[in-house]
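Just below is one structure, and these are the notes that go with it.
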Amino acid sequence: MRHIISLQLENESGALSRVAGLFSARGFNIESLTVAPTNDKTLSRMTIVSIGDNTIIEQIIKQLDKLIDVVKVTNLTATKHVERELALIKINNNPNSQIEIDSIIDAHGAKIVGVSADTYIVEVAGKSRRINDFLMACDTFEILEISRTGVTGVCQKKEY
Amino acid sequence: MKLNGAQILVNCLKSENVSHIFGYPGGAVLHIYDALDACDDIIHVLVRHEQGAVHGADGYARVSGKCGVALVTSGPGLTNAVTGIATAYMDSIPMVVISGQVSSAVIGNDAFQEVDAVGITRSCVKHNFLVKDVNDLSNIVKKAFHIATTGRPAPVLIDITKDATIAVCEFEGYPKSINMRSYQGEITIDTAQIDKAQALIKQAKKPIIYSGGGSVIGNASEALRTFTRRTNFPITQTLMGLGAYPATDRQSLGMLGMHGSYEANMAMHYSDCIIAIGARFDDRITGDLDKFCPYAKIIHIDIDPSSVGKIIGVDVAVIGQVNDALSAITQALKDQELPNIKPWWQQIEKWRAVDSLSYQTKAGVIKPQSVIQTLYEVTQGEAIVTSDVGQHQMWAAQYYPFDEPRRWINSGGLGTMGFGLPAAMGAKLADPASDVVCVTGEGSIQMMLQELSTMLQYHTPVKIINLNNGYLGMVRQWQEFFYEKRYAMSYMDALPDFVKLAESYGHMGIKVDKQENLKPALLEAFKQKDCTVFVDILIDPSENVFPMIPSGAGHHEMLLAGRDKMKTKNDKGLNLV
Ligand SMILES: Cc1cc2nc3c(=O)[nH]c(=O)nc-3n(C[C@H](O)[C@H](O)[C@H](O)COP(=O)(O)OP(=O)(O)OC[C@H]3O[C@@H](n4cnc5c(N)ncnc54)[C@H](O)[C@@H]3O)c2cc1C
Ligand SMILES: Cc1ncc(C[n+]2csc(CCOP(=O)(O)OP(=O)(O)O)c2C)c(N)n1
Ligand SMILES: [Mg+2]
């Protein structure tokens, strides 16, 4: 099953490689990983999406918790939470399909955020599902490049 | 007080009551050596190889229970130390390793003797630090010792740039305490789990205590004895746990696992309640997981939550110190009636009567088992025994019953050949009054031989018992059983004359090639109180370690010496190594 694991970790050089190294050394799988500082400058927030059965996810969480730089680990999937992802998609600017693309963009709540003579860039944000759906709908167009942020999320409870 | 980084470091180490540092100098740590030289309170042991330094600190830590300390230079100094660090890590040994690093201005430039120490060691330390600013140094040293010695102990590396050892700052004394929001050293035990544990214990008809290294590391020998005697349960111990409970006691079934005793493994297999104490269900113990302990409910006491449920699911997890957990459970069982386990004991006695450690003697050859038994006799079971890795390690564990903890010192998790000799040196420094023996093989000893020189310099008289079979015996045994006797690269030709070798290092050497000379030679060796003696014993090269659970088999499928034919090739088993 897919799990979203949220970490608070010390904003120190090396902290990211400890987490990434743990996953590769123990053969855990990472679907996506995002990290950025928080309002507390000494802390970073990392969100990891991993796929595994309950025993593996339990091990992942315990092993993460063991890392000295990790202040807190939460399995968001186990609580009420909001998750979002953003994707930027560069599409070949082909005048023949312009109208069709516009309607797909509208239908998926996406928007065009950059245009050049031969390309335009579309932004889609939401649950990963929405991005996947959008990409699926675009499959007749010539997608030149995709950049996805990976999932980030927060838990809904005031304190957790 | 204004001090440079090196002086601050030495001050901090003094405050941590460090008595010995095992190390080797080089450019990046010269300032530190300069400061150490001016300090009379710490003995620096100049080894001959950095791996020896870390194993020395490790042996010192295992015997004393204190934190071992090693000091190495940047680049090759650090890379040489890595095997030692990984060895200590796998066996949960508290240790602080200090390494020099190139100056912060040139980090990342492929500077002379630069390696990414933090990156290289990341997966074999509990934590590591790179110190670039002298102002951070004392706090980091404090954190390093705190992390290394609390919770599940392990090595911590402090990598210090050369400029940070030279820079001067105001030193306000060693921090008294340290607060880390991201690290909780000690854990209070959840009493609900104690309740559940005692409830299971009260229902057990075929219980067994399976105690491991955690009982030794956690200094829980007393609590373990009290609990075991109170319950009258049988107890088996892992290779790492030997001695926490006295091996010569009636309730002890000896070691379990691949080369454990028949009674211990059978009792594990048919048990209905296993109480795992500071043990981590290693694959040498469990064998094929599908066949592991099919009838048992499992209670698992461990300080490290990630040890619990990692290999097999458990019914009750008690997270915390062995000492705290066992005291609480013993307390909870007070005045409680325990079930009658007499039939279980009767069954166990039948298994015990199989006498799985018996072996055939043969005229004209020395059996390794008899060497260890004679060693036990001559030392009256009271020596500290370190070992290397191989068949000799198993024989030492099987035929030298340890009645006290911290007397059996070996590399179990990583299985590092070369560990035994430097560990013996560290052990002797930690406990000069005890006899220290290194049981080794002609293969292993040659991996850290150079430390014989250090041992002369620092006057650490130990007895080296070389079970010389001319083979990488453990490898040869596997090739005999599982590779149709194709002995690829397990025979070593051109061995040195170990007696002359010992003598050239300034020690004494004795060669034994006849059974009748064995005991006199050992008596002679142990008479030499002031001298390291290398006893080179030519043993039966064809002897194998038994009993054995061939990989892939279950605990109830043990093979006994001379009684069972070894099964060859079991693909599933071979994968387990
Ligand atoms: C050639 C060879 C053959 C081997 N054959 C065997 C064999 O037949 N049988 C065998 O038993 N081993 C054997 N081993 C050793 C094996 O590889 C493992 O090292 C060993 O089984 C692990 O022991 P352990 O489970 O006691 O764990 P350890 O590695 O000692 O781990 C200790 C556990 O206790 C916990 N702990 C530590 N401190 C505390 C505390 N204060 N309170 C609570 N918990 C704590 C830790 O978190 C950890 O989970 C062999 C090794 C070699 C090299
Ligand atoms: C550093 C290292 N390299 C390789 C091994 C694999 N290995 C395990 S036991 C063994 C043979 C040890 O030979 P020896 O020291 O003579 O002991 P014996 O088994 O003959 O008693 C080898 C090569 C190891 N454990 N450690
Ligand atoms: Mg050998």
Side-chain angles (χ1 to χ4, degrees), chain A residues 1 3 5-30 33 35 37-48 50 52-75 78 159-160, chain B residues 86 89 92 104 107-108 116-133 136 140 143-148 150-159 178-185 187 280-281 289 300 302-314 317 319:
Chain A
M1 193 187 140
H3 286 257
I5 298 163
S6 174
L7 308 180
Q8 275 180 302
L9 70 167
E10 298 286 352
N11 190 1
E12 300 218 4
S13 75
L16 169 63
S17 61
R18 289 182 210 280
V19 174
L22 173 77
F23 274 76
S24 59
R26 295 196 178 263
F28 300 144
N29 134 302
I30 298 185
L33 182 155
V35 59
T38 64
N39 50 342
D40 175 348
K41 281 202 179 60
T42 66
L43 285 177
S44 304
R45 163 79 55 190
M46 186 184 281
T47 314
I48 300 171
S50 184
D53 62 29
N54 286 345
T55 339
I56 290 175
I57 299 296
E58 182 188 321
Q59 253 312 297
I60 292 177
I61 289 173
K62 284 173 168 179
Q63 293 291 350
L64 285 169
D65 220 3
K66 243 170 99 166
L67 293 177
I68 307 291
D69 282 340
V70 170
V71 180
K72 187 159 190 169
V73 190
T74 317
N75 186 352
E159 276 169 51
Y160 66 93
Chain B
Y89 182 73
S92 305
S104 52
I107 282 192
D116 173 12
V118 163
I120 284 177
T121 58
R122 196 178 53 225
S123 59
C124 59
V125 294
K126 187 165 168 185
H127 196 57
N128 52 23
F129 298 92
L130 171 61
V131 187
K132 293 199 253 186
D133 180 351
D136 298 336
I140 285 180
K143 281 185 190 170
F145 276 88
H146 178 62
I147 293 169
T150 52
R152 179 175 183 173
V156 174
L157 177 90
I158 313 176
D159 195 37
I178 200 87
N179 191 14
M180 294 176 69
R181 62 180 168 188
S182 60
Y183 175 69
Q184 182 197 14
I187 297 175
R280 57 183 173 81
F281 295 90
L289 284 171
H300 193 180
D302 205 291
I303 190 106
D304 179 355
S306 75
S307 276
V308 178
K310 181 175 65 175
I311 313 287
I312 52 152
V314 302
I319 306 297

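Chain A is the first sequence line, chain B the second, and so forth, proteins listed ahead of strands; every chain is numbered from 1.
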| message | Counting only non-hydrogen atoms closer than 4.5 Å, does B:Asp304 touch chain A with its backbone (N, CA, C, O), its side chain (CB onward), both, or neither? | response | side chain

| query | Would you say the side chain of A:Thr38 lies within less than 4.5 Å of the side chain of A:Gln8, judging by non-hydrogen atoms? | reply | no

| field | Region of B:Arg122 in contact with chain A, defined by heavy-atom distances below 4.5 Å | value | side chain

| query | Which bit of A:Thr55 is near chain B, if near means a heavy-atom gap under 4.5 Å: side chain, backbone, both or neither? | reply | side chain

| Does any heavy atom of chain B fall under 4.5 Å from the side chain of A:Thr42, the backbone, both, or neither of them? | both

| Can you say whether B:Leu130 sits under 4.5 Å from chain A via the side chain, the backbone, both, or neither, judging by heavy atoms? | neither

| By salt bridge (charged side-chain N to carboxylate O under 4.0 Å, His left out) - contacts of A:Lys62 (at least two apart) | A:Glu58

| request: Under 4.5 Å, counting heavy-atom pairs only, tell me which of A:Lys66, A:Gln63, A:Arg18 racks up the most with chain B. | output: A:Arg18

| task | Kindly indicate whether the side chain of B:Phe145, heavy atoms from C-beta on, has any atom under 4.5 Å from the side chain of B:Ile158. | result | no

| field | Set of residues satisfying salt bridge (charged side-chain N to carboxylate O under 4.0 Å, His left out) with respect to A:Asp65, sequence neighbours excluded | value | none

| Side chains of A:Val19 and A:Val35: does their closest heavy-atom pair fall under 4.5 Å? | no

